[in-house]
Amino acid sequence: MLLMDSSTKISFNRCIRDGDLVIVYERHDTMKAVKVCENSVLQNRFGVFKHSDWIGKPFGSKVFSNKGGFVYLLAPTPELWTLVLSHRTQILYIADISFVIMYLEVVPGCLVLESGTGSGSLTTSFARAVSPMGHVYTFDFHEQRAASAREDFERTGISTLVTVGVRDIQGDGFPDQFSGLADSVFLDLPQPWLAIPSARNMLKQDGTLCSFSPCIEQVQRSCETLRSDFTDIRTLEILLRMYEVREWKMDHSKVDDGNSTACPPRKRRQPSSEASVGDNASSPAVMARPSAETRGHTGYLTFARKCVS
């Protein structure tokens, strides 16, 4: 993340310092955020890791425990932070976030308004997208959630790019100080159609709006409201299908009529160095199959562009 204050900037090219936040990576589904403290240790199934051994190493380093086990120390990018943050509310994940950033046309220098801070997953990605000269103003009606979000933004080093406010956007709308200044507005609200008139007033001419809703009835009500002052209205649902790519042992002795009974047929690629089937009864093959834990419906993303007067 590129921050305006060089003293608090997180640079992936620098070395880890005492007080930094790092993502301790054990495997793709086992990660945790840890604040580096010189006199502290991390204990897990791989052994004991001294934080003092981490200081001075670059992000991405492989470090070893007293038992010879290892973990990787990764920088707290928005992608990784989304996977390890505390879920105070339902969050947006990478597939939805990347689509939102692209369709809202969020670039460095933009001013973004967000209603529904929640756990801060999307806010963190917004902050990186608008840096170093832009700013994100995010609002949540729940005071404790807003306070927790501020703490998280301090930990991840983006507090200079994000301002968190406590406000009921559905009832009171966005503050008038942003009227006509926002490049983009994002709504994650139970009744987003109530906030759309205020969002329209905040947007610049040709500004973009996105509303995230889990139910199609919310989408219908929102689109009805959008038609009066917005154009290019579209709703999308992002379904992500993950694949597991692994090397398997193919037992050719159990092949009958071209179908292996050792494992079900999959898309596969034979390594170039592999010997012929006749030379080796059991040979490795790289195979891909859909993950058993594919994430389904998260919500609907409705995008619209403010009409030019």
Side-chain angles (χ1 to χ4, degrees), residues 1-3 10 12 23 25 28-29 31 33 59-60 74-138 149 152-153 156-158 161-162 182-189 192 199 203 206-214 216 218-219 222 232-245 288 290-291 293-305:
M1 301 176 203
L2 303 175
L3 304 185
I10 294 180
F12 303 158
I23 306 298
Y25 179 101
H28 75 279
D29 57 355
M31 291 176 275
F59 285 108
L74 306 182
T77 64
E79 293 81 6
L80 293 178
W81 182 247
T82 291
L83 299 176
V84 302
L85 57 76
S86 300
H87 287 203
R88 295 179 288 273
T89 60
Q90 179 183 352
I91 70 169
L92 268 70
Y93 288 95
I94 294 171
D96 288 322
I97 290 173
S98 57
F99 222 81
V100 169
I101 298 291
M102 177 67 73
Y103 264 65
L104 284 183
E105 303 170 0
V106 180
V107 295
C110 279
L111 189 154
V112 177
L113 299 181
E114 178 190 24
S115 179
T117 310
S119 301
S121 172
L122 177 61
T123 316
T124 305
S125 289
F126 273 148
R128 182 177 64 178
V130 304
S131 68
M133 300 301 294
H135 205 85
V136 181
Y137 294 89
T138 182
D152 284 348
F153 300 148
T156 52
I158 61 172
L161 295 167
V162 180
D183 296 284
S184 303
V185 173
F186 180 83
L187 304 175
D188 184 358
L189 300 169
L203 285 168
D206 203 38
T208 52
L209 176 144
C210 176
S211 176
F212 176 84
S213 299
I216 196 65
Q218 294 169 301
V219 173
S222 297
D232 194 22
I233 302 169
R234 61 184 72 188
T235 297
L236 307 102
E237 180 185 23
I238 313 302
L239 299 177
L240 185 66
R241 189 178 193 187
M242 303 291 290
Y243 271 74
E244 297 175 354
V245 181
S291 172
E293 299 181 359
T294 300
R295 184 174 288 113
H297 172 78
T298 55
Y300 300 101
L301 296 171
T302 300
F303 295 92
R305 186 178 299 277

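All values below were derived from every heavy atom in this structure, side-chain atoms included, with hydrogens, water molecules and symmetry-related copies excluded. Owing to the predicted nature of the structure, the values given are computational and were not obtained by experimental measurement.
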With a 4.5 Å heavy-atom cut-off, do [X] and [Y] have their side chains touching?
{"X": "T298", "Y": "I238", "answer": "no"}
{"X": "S121", "Y": "I97", "answer": "yes"}
{"X": "V130", "Y": "H135", "answer": "no"}
{"X": "V162", "Y": "F126", "answer": "no"}
{"X": "F186", "Y": "L92", "answer": "yes"}
{"X": "P108", "Y": "M133", "answer": "no"}
{"X": "Y137", "Y": "L111", "answer": "yes"}

Check whether [X] reaches the backbone of [Y] with its side chain - one donor and one acceptor, N or O, closer than 3.5 Å.
{"X": "S184", "Y": "V106", "result": "no"}
{"X": "Y93", "Y": "D96", "result": "no"}
{"X": "R305", "Y": "T208", "result": "no"}
{"X": "D183", "Y": "C110", "result": "no"}
{"X": "S213", "Y": "V219", "result": "no"}
{"X": "T77", "Y": "L80", "result": "yes"}

Derivation and outcome, side-chain contact (heavy atoms from CB on, under 4.5 Å), residues R128 and E79: CA-CA 11 Å; R128 182 177 64 178; E79 293 81 6; 2.5 Å; yes
Stepwise side-chain contact (heavy atoms from CB on, under 4.5 Å) check, D232 with R234: CA-CA 6 Å; D232 194 22; R234 61 184 72 188; 2.7 Å; yes
Point-to-point distance, once rounded to the nearest 0.5 Å, from [atom1] of [X] to [atom2] of [Y]:
{"X": "L187", "Y": "Q218", "atom1": "CG", "atom2": "CD", "result": "11.5 Å"}
{"X": "L189", "Y": "S211", "atom1": "CG", "atom2": "OG", "result": "7.0 Å"}
{"X": "I101", "Y": "I94", "atom1": "CD1", "atom2": "CD1", "result": "12.0 Å"}

V136 and T123: CA distance, side-chain angles, deciding distance, side-chain contact (heavy atoms from CB on, under 4.5 Å) verdict: CA-CA 7 Å; V136 181; T123 316; 4.1 Å; yes
Aromatic plane relationship, F99 with Y103 - under 30° parallel, 30 to 60° tilted, over 60° perpendicular: parallel
Kindly give the heavy-atom pair with the smallest separation between [X] and [Y], and that separation in Å.
{"X": "L161", "Y": "G134", "result": "CD2-O, 3.7 Å"}
{"X": "F212", "Y": "L301", "result": "CD1-CD2, 3.5 Å"}
{"X": "Y300", "Y": "I216", "result": "CE1-N, 3.6 Å"}
{"X": "W81", "Y": "A33", "result": "CZ3-CB, 3.9 Å"}
{"X": "S119", "Y": "L85", "result": "CB-CD1, 3.8 Å"}

Derivation of the side-chain hydrogen bond (donor to acceptor under 3.5 Å, both in side chains) call for S222 and T302: CA-CA 8 Å; S222 297; T302 300; over 6 Å; no
